[in-house]
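Written below as structure tokens is the structure these notes are about.
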Amino acid sequence: MKFSVVFLMVFMLVCYGCASSPIEYGQKDAVSAADKTRLEQEEALKRKAEEARIAEENLTKARQEKERLLQEKIGTAPLTDIYFDYDSYAIRSDDLSRLKEIGDWLKLNKDIPIILEGHCDERGTIEYNLALGQKRAEVVRNHLANVGVEEKRVKVISYGKEMPADHGHTEEAWAKNRRVHFAFDRQRGVNR
Amino acid sequence: MTRLRLVFILLFLGLAATTVQAKVYLDVYGKSYKKITIAVPGLKSEKADKLRTDMSGLLSQDLDMSGFFIVAPDSLFDRELSNEGIEKQNIQFTNWRSIGVELLCKGRLLEKDGELSLEAYLYDTFEGSTILAKRYRAKPEEWRRMIHRLADDILLAVTGEKGIMGSRVIFVGGGSRNKDVYTASIDGTGVKRVTSFRNITVSPSISPDGRYLAYTSYKEGKPNLFIMDLETGKDVYAERDEGMKLGTAWTGKSTLGYAKTSGKFSTIYTVDPTSGKKKAILTKEGILTSPSFSPDGTKMAFVSDMYGTPQIFIRYLSSGEIKRLTYSGNYNTSPSFSPKGDLIAFVAKVGGSFEICTMSIDGSNQRVLTSGGINDSPQFSPCGRYIIYSSKKGSRYAVYVMLYNGENKRVLKFTNSDEEQPKFVP
């Protein structure tokens, strides 16, 4: 914002200078030393603003590129949701091999920080479900830690029943909602 | 309350003598009671009501919500009854008795110097006696509060205790990922948004001294617990440790009890935002949540899954002794003490639904008060006669209030979106 205003002012001054210079050609020497230094300062300011803009642009580009690469990598990940029984935070035995697979992938892709989101179905109270979601996410983190994924890479957030995957009110919908979802920690991933 | 200049004047000097023995018409704590039929024929006013208010409509609504009255429909009154005067000497009590009206509320509304003045009377049609005679004054725009005052006074005169019609309620309103804290009058008007985070915000509660608001919000990306000073609107305490932090129970003037679930253990803490002093009072493996303190501060009810399913326990704070209160069913949560300390309201899974229940503080006398749906967050009114809660039937959460025995359920409407976790504002 600030830069653009300065930039515009400088630009207008330069235009004014260009337009008037042929007429004032003969009087060039008459331009005072003070005016000259002022113009030079403005030029310098303009250059700086331009440099800053380019640097910013490059940074954004780099960030976008990084994000794209991470996204691409995540696309190859076996990060599917882990489902739970009603009012339970125990991993189902048939999910153990899948957690191992996820753990192995995470170990291969150490640059990817993960958020484990714990979710519940709509049945039960808001408060208890928020605590239950925390437990579900933590139990997945513990299992990943057991297969060698560093705990500090993995953030845990419970959403209780606040963000259902399926808004229905059937057994099927509830089963889909009792889950731990793997999310990519965008902020930590890009800024590292 | 202070803004409203409600002045009441005893119109009859002799009134004190006739009503001082305050005949209790309803023993609300008895096993059963019969509703009283009350008539509220339109309030008389000398000039046409400029505000186009429906004062007798609101009064009827209040009396209906109280759960102690059947409000006689206007269609019962013939012209003679409708046009009758409001003073005792003008009333044909036998005519009212003949249509089954037991109590009769009459009033005259005057507007003078930009102020409303309501002269109200409550008569017992069987004895032909005056139970209540009061004059209320209010600014025209505050007519609703004036009517609520009258309704609460009628309840006081008839049941020996004030009603809840002048109360304010705090709740969470809004849709998915966009929930904020609101307060409103119990009649659904005066809705104020207290927070505007446009994120998930849950479990709001106001300290008994009215100064602090505790809530858990995802406004910083993860669920953190905050205590806001309502005078300044600024957070004065924040708990940002990893894990789920939830607290809606206050004890003493301004001490918040909250539960944190993180890692292998859960802990219940108390914190005083004035001093910032934090104390761990209970740590257990698994889940601990929803602490509620007895009014005398000696006991704490809480939820733990130490035996595999969520159950309610009570802890005697001086001895540290813990007793399990709930044994039936595999899901008992959200305990909340009554203001007299004799009952605990809670949520139990009954069949496929989640019901509001009450029990004695030793776990006996469990009663199921609702039927069907997902009911949540029960809380007693400050007088102890009502329970406010949220209920989900289908896709929508709404706030309800009922008598503590489960009768007279009424839905409260504030905003047009989901409304959850209601509490009375202290």
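Values below: all heavy atoms of this structure, side chains included; hydrogens, waters and symmetry mates excluded. Per chain, numbering begins at 1; letters A, B, ... match sequence-line order.
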(request) Below 4.5 Å from any heavy atom of chain A, which atoms of B:K349 appear? Answer side chain, backbone, both or neither. (result) side chain
(request) Output the distance between atom CG (A:L130) and atom CE (B:M244), rounded to the nearest 0.5 Å. (result) 4.5 Å
(message) Between B:S266, B:S203, B:P310, B:G221, who has the most heavy-atom pairs with chain A when the cutoff is under 4.5 Å?
(response) B:P310
(request) Under 4.5 Å heavy-atom distance to chain B, tell me which part of A:E138 shows up: side chain, backbone, both or neither. (result) side chain
(request) Kindly indicate, with the supporting measurements, whether the criterion salt bridge (Lys or Arg N to Asp or Glu O under 4.0 Å) is fulfilled by A:K155 and B:E242. (result) CA-CA 9 Å; A:K155 237 163 89 175; B:E242 212 205 81; over 6 Å; no
(message) Sort by residue number and list every residue of residues 328-337 of chain B having at least one heavy atom under 4.5 Å from chain A.
(response) B:N330, B:Y331, B:T333, B:S334
(message) So for A:Y159, is it side chain, backbone, both, or neither that comes closer than 4.5 Å to the heavy atoms of chain B?
(response) both
(message) I want to check something: taking the side chain as every heavy atom from C-beta on, are A:E162 and B:R177 in contact at a cut-off of under 4.5 Å?
(response) no
(request) Heavy-atom pairs under 4.5 Å with chain A are the metric here; pick the option from B:A259, B:S290, B:S176 that has the most. (result) B:S290
(message) When you compare the side chain of A:I157 with that of B:Y218, does any pair of heavy atoms fall below 4.5 Å?
(response) yes
(message) Distance alone, cut at 3.5 Å: any donor-acceptor contact between the side chains of A:H167 and B:S395?
(response) no
(message) For the residue pair A:Q134 / B:T261, report whether a side-chain donor-acceptor contact shorter than 3.5 Å exists.
(response) no
(message) Are B:S377 and A:T125 packed together at the side-chain level, in the sense that at least one heavy-atom pair is separated by less than 4.5 angstrom?
(response) no
(request) Say whether, by atom type as modelled, one donor and one acceptor occur between the side chain of B:D376 and the main chain of A:I126 under 3.5 angstrom. (result) yes
(request) Please answer whether the main-chain N or O of B:S262 pairs with a side-chain N or O of A:K135 as donor and acceptor at a distance below 3.5 Å. (result) no
(request) Would you mind telling me which of B:K264, B:K260, B:K392, B:K222 has the largest number of heavy-atom pairs within less than 4.5 Å of chain A? (result) B:K392
(message) Heavy-atom pairs under 4.5 Å with chain A - which of B:T309, B:I200, B:V303 has more of them than the others?
(response) B:I200
(message) Between A:E127 and B:T216, is there a side-chain heavy-atom distance shorter than 4.5 Å?
(response) no
(request) Side chain from CB out, backbone as N, CA, C, O: work out which of these in B:I287 comes under 4.5 Å of a heavy atom of chain A, or both, or neither. (result) both
(request) Taking all heavy atoms of B:P223 and all of A:S158, pick out the closest pair and write down the distance. (result) CG-O, 4.3 Å
(message) Any salt bridge linking B:K393 with A:E122? Criterion: basic side-chain nitrogen under 4.0 Å from a carboxylate oxygen.
(response) no
(message) Counting only non-hydrogen atoms closer than 4.5 Å, does B:Y397 touch chain A with its backbone (N, CA, C, O), its side chain (CB onward), both, or neither?
(response) side chain
